[in-house]
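Only one structure is covered here, and it is reproduced in the block below.
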Amino acid sequence: MSMAPLIVAVMPIGLVFGAVAAGKGLSGVEVTLMSALVFAGGSQFVAMDIWTHPASWAALAFSALLVNVRHVLMSASLGAKLQGFSGPAKYASMLLLADEIWAMAEMRAKEGKLTPAWFAGLAVPFYLVWVTTSLAGALLGAFLGDPKVTGLDFAFPAVFIVLVMSFWKGRETGAVLAASAAAAVLTHHFLPGVWYIAAGAAAGVAVALLGRRREEAHA
Amino acid sequence: MTVDPHTFLAILAMAIATIATRIGGLVLIRFVTIGETQRRALEAIPPAVLMAVIAPTALVTGPAETIATVVTALVAMRLPLLAAVAAGVVTVAILRMALGA
């Protein structure tokens, strides 16, 4: 099964998220609710970074929007490949969109046809494992030890590093990544909050579009 | 095991924002045709966003994180996801201990 490694990989991340969230003072029910309703690890970790008591819904919603705005592009790209899906099935599938699921579905669409059964077989176990390991992490947090000492806090960036590598298509991708990294680090240094993610995205897109204009000028 | 009303409201707001992004693309492609320029912008966004999310951790947190980032990326070229993630986690844990960070 091609999805088995993904599901095994999400387990430690769910555990770490639960442990981090419990450390921020969230109860097991709250951790479970967040993983079940938001189901977007990146924005959930960022939320823990900027969490306050009482929680500020506007700041958290805005940061979730910024971190997850990439889903618009993923669902736009994938949406065109869901011909075999009924209208409601299309929307239901996109509610379970995640970086890893999107990447697997794009790969599958390149090789053959995406079917609702294939998508559900990937997304539903992934979702259930995310929610249950988050709860387990919240309950076991104290026993996992300090995530900084075990290095488990690095599991989440490591997954993103691997995903970045999977988007590699040559020198042009290198330019996009370099622009994004530079803009993100600078913005992170000078501005509070999650603007660095928007800045990195904007810089990456700008470089991609500049590259295209240069190609056209040569043609 | 309680649910704080502020926390609940924040979770709901995050969920609504996230659902909007997930459904957004399906709505978008009904109204906008994706040409070559749009496609190129669309393709650049996921790697750019992922890079932006990890850049502060990968580049300016400390030598342990930067080296572990390089190790993870190198392992990812040859081995599957889980092996690369494990290599990164083990590297960062050992280096933090060694460097006393």
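Just so we're on the same page: letters track the sequence lines, and every chain starts at 1. Just the heavy atoms: all of them, side chains too, but no hydrogens, waters or symmetry mates, feed the values below.
Closest approach of A:V162 and B:A84 over heavy atoms only: CG2-CB, 3.6 Å. The two residues B:R22 and A:L95 make their nearest non-hydrogen contact at CD-O, 3.3 Å. The shortest non-hydrogen separation linking A:G151 to B:R96 is CA-NH1, 4.0 Å. Closest approach of A:Q44 to B:M14, counting heavy atoms only: CA-CE, 4.4 Å. For the pair B:I11 and A:V38, the tightest heavy-atom approach, listed with the atom from each and the gap, is O-CG2, 3.8 Å. Between A:T150 and B:V89, the shortest heavy-atom contact is O-CG1, 3.6 Å.
A:I197 is listed as a side-chain neighbour of B:V49, based on a closest heavy-atom distance under 4.5 Å. Between B:I19 and A:Y91, every side-chain heavy-atom pair lies at or beyond the 4.5 Å cut-off. A heavy-atom distance below 4.5 Å is found between the side chains of A:L177 and B:P47. Annotation: side chain of A:F154 is in contact with side chain of B:T72 (closest heavy-atom distance under 4.5 Å).
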request  = Step by step, work out the side chain to side chain contact (heavy atoms under 4.5 Å, CB included) result for B:T69 and A:F160.
outcome  = CA-CA 10 Å; B:T69 298; A:F160 269 29; over 6 Å; no

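The number of heavy-atom neighbours closer than 6.0 Å to CH2 of A:W57, taken from other residues, nucleotides and ligands shown, is 12 or below.
When B:M77, B:M51, B:E65, B:R40 are compared by the number of non-hydrogen pairs under 4.5 Å with chain A, B:R40 comes out ahead.
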